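See below for the structure under consideration.
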Amino acid sequence: MSKAVFIRNAAQLVTLQGSSDAPRVKSEMSELGIIENGSVWIEDGVIQAVGPDAELAAKYEGRLSEAEVVDAAGKLVTPGLVDPHTHIVHAGSRENEFNMRLQGATYMEIMNAGGGIHATTRATKAATHEELFEQSYGRLNHFLRHGVTTVEAKSGYGMDWETELKQLEVAKQLNESHVIDIVSTFMGAHAVPKEYKERPDEFVQLLVEEMIPKVAELGLAEFNDVFCEKGVFTPEQSRVILEAGKRHGLIPKIHADEIEPYEGAELAAEVGAISADHLLKASEKGMKAMAEKGVVGVLLPGTAYFLMAESANGRKMIDLGVPVALSTDCNPGSSPTVSLPFIMSLGCLKMGMTPAEVITAATINAAHAINREREIGSLEVGKKGDVTIFNIENYMKLQYSYGVNHTDTVVKNGQVVLRGGQLV
């Protein structure tokens with residue numbers, strides 16, 4: 001039995017209570033449920049009470065000496081941040097491509113020339129399980145230092161069974177050994193391997209008939225993702241892949257409308273995807289379909305920023321009723337960052353979102369995007385004791401003072417795992 005943790009006297013305690021049944025949409029995204037001078041009591045890894053400090057101090061008066069007290073006076077307290085779209089399990093880096101893009105090469109030009117996803121695939125295939133684990137564990141430490149307590153991790157840098165299996169097994173080991181929770185997604189359909197370039201339907205058949213059933217049988221992933229993009233997988237091929245995953249119990253996700261309008265948002269609504277991600281070029285029709293079906297739009301402004309592209313229209317999506325979440329898209333080619341707070345600032349500066357909306361997008365709506373809304377994403381009785389404390393006095397300053405890591409303390413499953421910005 002772990003020691004109780006009592007977080008006290010927060011200048012602002014952002015609770016986001018009341019959204020475990022459905023993600024927040026429209027004006028709901030601005031309703032943070034703030035308690036001034038608020039406190040949280042966590043015991044056995046679970047939140048037991050949330051409210052004004054005087055109320056909780058009276059309730060637990062006889063047990064205060066038992067608890068580890070975390071003084072949050074003058075600080076902002078939020079649910080632990082949730083990153084619902086990453087590619088953290090990979091080897092190698094692609095800084096050479098950064099230089100190529102600065103000289104005018106496009107993302108797809110680099111990929112078609114053997115770079116991009118294919119370059120990382122080569123590095124990941126060559127890496128041992130131990131090397132992949134060590135590199136990815138280091139990235140998770142950086143996520144934790146930025147206040148993130150749950151991360152989704154995709155495979156997809158193998159596109160053959162052996163390497164996809166290696167990535168998924170590393171993700172499983174990370175979930176078992178790191179304090180951050182890892183939620184796994186199979187993304188064998190990240191690109192068409194070079195050997196299948198002239199016969200992509202054969203690769204789709206391989207995914208559908210062999211890889212997806214094996215992933216499901218081994219219980220190595222909860223979600224099945226596909227890169228639906230011109231020059232990668234067509235909407236028809238993407239539908240086949242996602243429907244195959246559904247038959248084997250894998251929840252569909254989709255990389256949609258990132259580079260060109262390609263009806264990916266529409267497809268997400270049709271197949272009942274839990275989320276559609278990227279959406280830089282999504283049509284209004286697609287946005288409305290997502291809103292109607294409750295598909296979470298996971299927006300990745302860091303990717304647009306790094307690729308020097310126009311960001312997704314987050315403001316329009318929210319106004320149309322799409323439940324919006326935010327993510328780093330941490331990957332070596334188009335968004336090599338682990339700073340979700342910086343992504344939140346980009347949500348304001350590049351996508352027209354408000355400071356309140358980006359808090360919602362990086363907590364409860366992000367939890368909905370990975371099917372964890374009953375466990376995390378808000379500070380409510382019965383949920384995991386995942387809490388991030390920022391060394392600032394109000395939520396607006398988190399985005400206003402951009403590019404600065406304000407994370408002071410992180411509590412994960414009721415244990416203090418980061419204190420004073422340092423790993424415990």
Side-chain angles (χ1 to χ4, degrees), residues 19-25 82-89 150-156 164-165 167-169 171-172 174-175 181-190 204 207-228 233 235 237-257 264-279 282 286 289-300 322-327 329 361 363-377:
S19 296
S20 295
D21 292 331
R24 293 188 175 222
V25 297
V82 180
D83 195 322
H85 180 131
T86 83
H87 301 261
I88 58 167
V89 182
T150 302
V151 166
E152 184 259 17
K154 303 179 189 295
S155 67
E164 292 292 317
L165 177 62
Q167 283 187 271
L168 291 169
E169 288 179 337
K172 180 181 178 182
L174 289 168
N175 185 53
D181 287 330
I182 311 298
V183 180
S184 286
T185 294
F186 174 61
M187 197 177 180
H190 200 184
V204 172
L207 287 166
V208 168
E209 296 182 359
E210 296 186 28
M211 293 196 202
I212 288 174
K214 287 180 182 177
V215 169
E217 181 182 353
L218 294 171
L220 288 172
E222 184 173 342
F223 304 99
N224 179 39
D225 202 341
V226 59
F227 192 1
C228 180
F233 294 96
Q237 292 167 333
S238 299
R239 181 182 287 104
V240 169
I241 291 166
L242 295 177
E243 291 291 356
K246 286 169 64 175
R247 291 195 296 273
H248 290 277
L250 300 180
I251 301 169
K253 282 179 168 285
I254 182 171
H255 282 50
D257 302 319
E266 290 90 332
L267 178 60
E270 290 173 20
V271 301
I274 194 169
S275 75
D277 303 18
H278 286 291
L279 302 170
M290 286 176 57
E292 182 179 347
K293 296 293 186 178
V295 179
V296 179
V298 177
L299 306 186
L300 316 167
V322 177
V324 167
L326 287 172
S327 168
D329 188 21
T363 53
I364 188 61
N365 277 11
H368 277 280
I370 56 171
N371 201 32
R372 292 294 185 276
E373 65 276 3
R374 299 283 176 183
E375 302 174 18
I376 57 174

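If you're wondering where the values come from, they're calculated on a predicted model, not measured in any experiment. Note: hydrogens, waters and symmetry copies are ignored here, and every other heavy atom, side chains too, is used.
- For the side-chain hydrogen bond (donor to acceptor under 3.5 Å, both in side chains) test with Ser155, the passing option among Gln167, Glu164, Glu169 is Glu164; the others fail.
- Ala153 and Ile88 get closest at one heavy-atom pair: CB-CG1, 3.9 Å.
- Closest non-hydrogen pair, Ser19 versus His368, comes out as O-NE2, 2.7 Å.
- Here the closest heavy-atom approach between residue Ala366 and residue Val82 is recorded as CB-O, 3.4 Å.
- Side-chain atoms of His85 and Val151, non-hydrogen and from C-beta on, never get closer than 4.5 Å to each other.
- Taking 4.5 Å as the limit, every side-chain heavy atom of Asp329 sits out of range of all side-chain heavy atoms of Asp277.
- Classification of Glu243 and Lys246 as a salt-bridged pair holds, one side-chain N sitting under 4.0 Å from a carboxylate O.
- Side-chain atoms of Asn371 and Glu373, non-hydrogen and from C-beta on, do get closer than 4.5 Å to each other.
- A donor-acceptor pair under 3.5 Å links the side-chain atoms of Lys253 to the main chain of Ala369, judged by distance alone.
- Ring geometry, Phe227 versus His255: the interplanar angle falls from 30° to 60°, so the pair is classed tilted.
- The side chain to side chain contact (heavy atoms under 4.5 Å, CB included) test with Val226 is passed by exactly one of Val240, Leu207, Val204, Ile241: Ile241.
- Between Glu270 and Leu267, the closest side-chain pair of non-hydrogen atoms falls below 4.5 Å.
- Proximity of Asp181 to Asn175: side-chain heavy atoms (C-beta onward) are separated by under 4.5 Å at one or more points.
- In this structure, Phe223 CZ and Ile274 CD1 are separated by 4.5 Å, a value rounded to the nearest 0.5 Å.
- Taking each heavy atom of Ala325 and Val296 in turn, the nearest pair found is CB-CG1, 3.8 Å.
- Nearest approach of Ser327 to Leu300, heavy atoms of both residues: CB-CD2, 3.4 Å.
- The backbone N or O of Met187 sits nowhere less than 3.5 Å from a side-chain atom of Asp225 that would complete a donor-acceptor pair.
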**Message:** Does Glu266 form a side-chain contact (heavy atoms from CB on, under 4.5 Å) with Val271? I'd like the steps, not just the answer.
**Reply:** CA-CA 9 Å; Glu266 290 90 332; Val271 301; over 6 Å; no
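- Using a 4.5 Å heavy-atom cutoff, the side chains of Arg247 and Val208 are in contact.
- Panel note: side chain Glu222, backbone Thr185; no donor-acceptor pair is recorded below 3.5 Å.
- Counting only heavy atoms from C-beta outward, the side chains of Leu218 and Leu168 never approach each other to under 4.5 Å.
- A 4.5 Å side-chain heavy-atom check between Lys154 and His190 finds every atom pair outside the cut-off.
- When atom types are taken as modelled, the side chain of Glu152 and the backbone of Val183 share no donor-acceptor pair closer than 3.5 angstrom.
- Counting all heavy atoms, side chain and backbone alike, Ala276 lies closest to Val295 at N-CG1, 3.6 Å.
- The side-chain hydrogen bond (donor to acceptor under 3.5 Å, both in side chains) test applied to Asn224 returns no partner, not counting sequence neighbours.
- Remark: of the listed residues Pro84, Pro23, Ser275, Pro23 is the sole one forming a side chain to side chain contact (heavy atoms under 4.5 Å, CB included) with Asn365.
- Of the possible polar contacts, none joining the His248 side chain to the Val215 backbone as a donor-acceptor pair under 3.5 Å is found.
- Here the straight-line distance linking atom CG of Asp257 with atom SG of Cys228 works out to 7.0 Å at 0.5 Å rounding.
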